[in-house]
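One structure is given here, and the rest of the page talks about it.
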Amino acid sequence: MSKEITSRATDYSQWYNDLILKGELADYSAVRGCMVIKPYGFALWEHMRDALDKMFKDTGHVNAYFPLFVPKSLFEAEEKNAEGFAKECAIVTHYRLKADPAKPGKLMVDPEAKLEEELVIRPTSEAIIWNTYKDWIQSYRDLPILVNQWANVVRWEMRTRLFLRTAEFLWQEGHTAHATKQEAIEEAEKMLHVYADFAENWMAVPVIKGVKSANERFAGAEDTYCIEALMQDGKALQAGTSHFLGQNFAKAFDVKFSDKENKLEYVWATSWGVSTRLIGALVMAHSDDQGLILPPRIAPTQVVIVPIYKGDEQKAQIDARVQAIMSELKALGIRVKYDDNDNARPGWKFAEYEMKGVPVRLAIGARDLEKNVVEVARRDTKEKNVVSLDGIAGYVNNLLTEIQQFMFDKAKAYRDANITPANSWEEFEKLLDEKGGFISAHWDGTPETEEAIKEKTKATIRCIPLDNPQEEGKCIFSGKPSVQRVLFARAY
RNA sequence: CGGGAGGUAGUUCAGCCCGGUAGAAUACCUGGUUUGGGACCAGGGGGUCGCAGGUUCGAAUCCUGUCCUCCCGACCA
C-alpha cells in the first residue's frame, strides 16, 4: 500500500483522513457513518480514558452503567432535550427477524414482533439516568450523586467524518445531582477545569474555557460551559462541554428531595462529556505532512528502538544491549517497543513510526555499540542526536517531558497568534476569509444577531471566555451597545 | 436532503467510450541475498468486476433499477 500522505496545503480534509487511515488509528466500516477504531487508535483512547477516569475519581466521582435503549416516553419527557436530539435518533421498532418467504436464505423483519413502545438508542443519557435518579433520591442526605458513565452513543448525523463526527461514538458522560443551585454550578465549572487540564497537560492542546451563547447551548441546559481548541486550518473545534442543567430534568422526571427543613425541593443537575472526538482534535492540532505527532503522555508507544545490523552475530549483540536499555526505560515507566522485525529494513521502519507519531526513536547499530552511543530522533522537531548510552534512560525520560512541553508551547503560540480582534464588520469578514482562527469582537448579546452573522459568514460564537474582561463597545454587526468581546470562529 | 466523485485481487487503481470470458503496482506466501531513510532476485497463491434484472451467441464493458462509500453544501448537543 502506498503510504503517501496528502499535504495540508493540497487538501486539508484528505490530509486528515490520510493520517487517520495510514496512521492506523481507524478504518471505515461497512456501516454507514460508523468507523472501526483499530488497536493503535484504541490504545491511544485507552490512555486518554485512563487519565480522565483517574481525574474523575480524584474529584469524587464513581462509574456506573445505564441502558443503551431509552423508551420513547422517557426520552420525550424533557421537551427541549428531546426536541434537540429528535432528528438524529436511531429507533428500535422490532425485536425479531424471520425467514423471508419471497427470498430464500434471506431474512425479513417479523411484522408480528413490533414493539409496544419504540426504544430510542441513546444519543445522550440524561433521560434514562434521571428516571433512575428518581428512585435513588429521597433526602438531602442522598446528595450529591456524582456518577460518570463510559459508553457508546448514537447520533444519526447527515454527514460524518472520522473521529470528528461519527454516527456511533465512544465517550464519557458525567451526570450529577445536587441539593443547591450553587453547588451544581460549581460542579459544572469544576469539570470544565478538569477537561481543560486534561486537554492542555495530557493532549498538549491549548483550549479556551468559556460559556456558550444561547444558540449554541446544549438542549435542556441552563448554561453550557465549553473548551474550544484551534485546528491548523484555522477552524475551531469544541473539545468538551459541561452543562448546568438547572432543575429541568428534575422537573421532567419529578426528582425531589426533602431538605433539612423537611421541605420538598427539585434536585439541581449537571452533565458533562468528552468523546473520541478528542482524538480528532489531537490529530489536527499537532500532526504534519509526514504523519501523526502524538504527545508523549498519551502516545501508545513513547519510544521505539530500531536495530541496524548485518548478520546474526551483530543482531545478537544489539539484542543484548537493547534488552538492558529496555529494562532501564521500563523501570522509569516508559512505554517502549523494540522493533526487530527482520522483514522490514530500518528505513521503512523510520518512515512507519514517523507516520504513527511515536515521539522518540532510538536507532542502534554495530558502530554505535562500539562507541557506546545511540541515535536519538524526536518526531516533533525531526531533530537527531547521537547520545551516550550511559544514562540513556534518564536522557530519554527528560526528552519525553521536553517534547510534551514543546508541543504544547508550539500549539499555544499558534493559537495565541490566531486570536485577532476585529473592530468593524469589514475587518471581521476579511479576517475570517484571509486568516481564520478566533476573532474577538463585540456582540450585542442577542440570538438574532448571532444567527444573522452565522447566516452571512458561517462563523458562530464559540464561547464567551470565563473571566472575560468587560469593555464598552458597539456590536460588530448591529452597532448596538455591547459590554464585552466574544470569540467567533468557523468551526467543525 | 441537494451537488460531485466512486464501488474491479488485502490495498491503490487501469480496463468500460468501441462487448469476446480480467490486468498492473503494492501487499501476501516460499527460498535466497540484504539491512545507517520506505531493498533485490526467483518462484507462487489470491477477484461470483457492489447487488438485481434486461439486451446479446457472448456483459466488468451497453440499458434499467437498487444498495453502499467518500468529498462539498445544508444540518450538527
Side-chain angles (χ1 to χ4, degrees), chain A residues 1-6 11-18 20-22 24 27-35 78 80-89 103 106 122-126 153-162 164-167 169 171 173 212 214-221 223-226 237-238 240-243 245 271-275 277 290-291 306-312 314-315 318 339-355 361-369 371 373-375 377 382 384 386 454-455 458 460 491-492:
Chain A
M1 178 169 66
S2 165
K3 286 277 197 173
E4 271 172 44
I5 295 174
T6 306
D11 183 341
Y12 193 84
S13 291
Q14 192 56 49
W15 167 77
Y16 175 77
N17 287 337
D18 283 354
I20 304 288
L21 298 170
K22 291 173 181 171
E24 299 191 328
D27 258 341
Y28 294 114
S29 76
V31 188
R32 180 198 169 280
C34 296
M35 63 177 175
E78 208 294 321
K80 280 187 183 152
N81 184 249
E83 192 190 321
F85 283 102
K87 58 190 180 302
E88 48 185 304
C89 286
K103 296 176 190 161
K106 304 288 187 189
R122 61 181 170 212
T124 181
S125 300
E126 276 80 2
V153 290
V154 169
R155 296 181 189 178
W156 212 262
E157 302 288 357
M158 294 304 266
R159 189 167 160 233
T160 58
R161 302 193 67 185
L162 293 168
L164 294 178
R165 188 174 298 109
T166 46
F169 58 91
W171 76 343
E173 45 182 327
K212 286 291 186 192
N215 286 8
E216 299 282 319
R217 195 177 286 154
F218 178 72
D223 254 322
T224 288
Y225 299 89
C226 63
L237 180 75
Q238 177 177 301
T241 48
S242 179
H243 315 291
L245 301 174
S271 68
W272 29 274
V274 295
S275 72
R277 176 181 243 207
Q290 276 68 51
V306 177
I308 300 161
Y309 54 89
K310 298 187 207 312
D312 291 343
Q314 281 191 3
K315 173 73 174 18
I318 292 168
D339 187 352
D340 66 343
N341 176 5
D342 193 45
N343 295 325
R345 301 165 82 225
W348 191 91
K349 292 175 185 173
F350 294 168
E352 182 67 12
Y353 292 108
E354 275 162 19
M355 179 86 71
R361 180 185 73 230
L362 306 182
I364 184 162
R367 76 181 191 210
D368 300 305
L369 281 187
K371 297 180 201 156
V373 295
V374 63
E375 182 191 82
K382 304 258 192 53
K384 286 195 269 195
V386 175
K454 183 180 177 184
E455 194 72 25
K458 290 177 194 150
T460 51
Y492 278 96

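Here is how names work: the chains are called A, B, and so on, in the same order as the sequence lines, proteins then strands, and each is numbered from 1. Quick note: numbers below take in every heavy atom, side chains included, and nothing from hydrogens, waters or symmetry partners. These figures come from a predicted structure and were not determined experimentally.
Put simply, the side chain of A:Arg361 and the base of B:G37 share a donor and an acceptor less than 3.5 Å apart. Between the side chain of A:Arg165 and the base of B:C76, at least one donor-acceptor pair of N or O atoms lies under 3.5 Å. A:Lys349 contributes no side-chain N or O that forms a donor-acceptor pair with the base of B:G36 under 3.5 Å.
No donor-acceptor contact under 3.5 angstrom links the side chains of A:Ser271 and A:His243, judged on distance only. Side-chain N/O atoms of A:Tyr309 and A:Asp340 include no donor and acceptor closer than 3.5 Å. Side-chain contact annotation: A:Thr6 with A:Asp11, donor-acceptor N/O pair under 3.5 Å absent.
One atom, CG of A:Asn341, and another, P of B:A27, lie 13 Å apart when rounded to the nearest Å. Between A:Gln290 atom CD and B:G38 atom C1' the separation is 13 Å, expressed in whole Å. Between the C1' atom of B:C76 and the OH atom of A:Tyr492 lies a distance of 14 Å, rounded to the nearest Å. One atom, CD of A:Glu83, and another, P of B:C76, lie 12 Å apart when rounded to the nearest Å. Taking atom CD of A:Glu157 as the reference point, atom P of B:G73 lies 15 Å away to the nearest angstrom. Atom-to-atom, OH of A:Tyr28 to P of B:A5 comes out at 19 Å; the value is rounded to the nearest Å. Put simply, CG on A:Asp312 is 10 Å from P on B:U33, counting in whole angstrom units. Rounding to whole angstrom units, CG of residue A:Asn81 and P of B:C76 are separated by 15 Å.
Taking a 6.0 Å sphere around CD of A:Glu83, one finds it holds 12 or fewer heavy atoms contributed by other residues, nucleotides or ligands.
Between A:Asn17 and B:C70 there is no side-chain N or O to OP1 or OP2 distance below 4.0 Å. Side-chain N/O atoms of A:Lys310 include none lying less than 4.0 angstrom from OP1 or OP2 on B:A39. Phosphate proximity of B:G36 to A:Arg345: present, with a side-chain N or O under 4.0 Å from OP1 or OP2.
Of the residues near RNA chain B, A:Ile364 and A:Thr160, the one whose nearest nucleotide (by heavy atom distance) lies more toward the 5' end is A:Ile364.
Side-chain proximity of A:Lys454 to the nucleotides B:G38, B:C76, B:U34 is greatest for B:C76. Between B:G38, B:G37, B:U35, one nucleotide has an atom nearer to the side chain of A:Trp348 than all others, and that is B:G38. For A:Asp342, whose side chain is taken as the heavy atoms from C-beta onward, the closest listed nucleotide among B:U35, B:G37, B:G36 is B:U35. Proximity note for A:Arg367 (side chain, C-beta onward) versus B:G36, B:C76, B:C71: the nearest is B:G36. The nucleotide whose nearest atom lies closest to any side-chain atom of A:Glu354 is, among B:G36, B:A74, B:G37, B:G37.
Base pairing of B:C76: no nucleotide in any strand meets the Watson-Crick or G-U wobble criterion (both distances under 3.5 Å). Across all strands shown, nothing is found opposite B:U48 as a Watson-Crick or G-U wobble partner with both distances under 3.5 Å. Judged by Watson-Crick or G-U wobble contacts below 3.5 Å, the nucleotide B:G19 has no partner. When both distances must be under 3.5 Å, the Watson-Crick or G-U wobble mate of B:A42 is B:U30. A 3.5 Å limit on both hydrogen-bonding distances identifies no Watson-Crick or G-U partner for B:A59. The partner of B:A25, taking Watson-Crick or G-U wobble pairs whose two distances both stay under 3.5 Å, is B:U11. With a cut-off of 3.5 Å on both Watson-Crick or G-U wobble distances, the partner of B:C70 is given as B:G4.
Taking atom P on both B:G7 and B:G15, the two are 10 Å apart, rounded to the nearest angstrom. Going from the C1' atom of B:A59 to that of B:U21 covers 9 Å, rounded to whole Å. With C1' as the reference atom, B:U64 and B:C75 are 33 Å apart, rounded to whole Å. Distance check on atom C1': B:G38 versus B:C67 gives 39 Å, rounded to whole Å. Rounded to whole Å, the P atom of B:U56 lies 36 Å from the corresponding atom of B:U11.
Below 30°, between 30° and 60°, or above 60°: for A:Tyr12 and A:Trp15 the angle between ring planes is between 30° and 60°, a tilted geometry.
A salt bridge between A:Lys382 and A:Glu354 is absent, with no side-chain N of the basic residue lying under 4.0 Å from a carboxylate O of the acidic one.
Remark: A:Arg161 is not positioned above the aromatic ring of A:Tyr492, lacking an NZ or CZ atom under 6.0 angstrom from the ring centre and at most 45 degrees off the axis.
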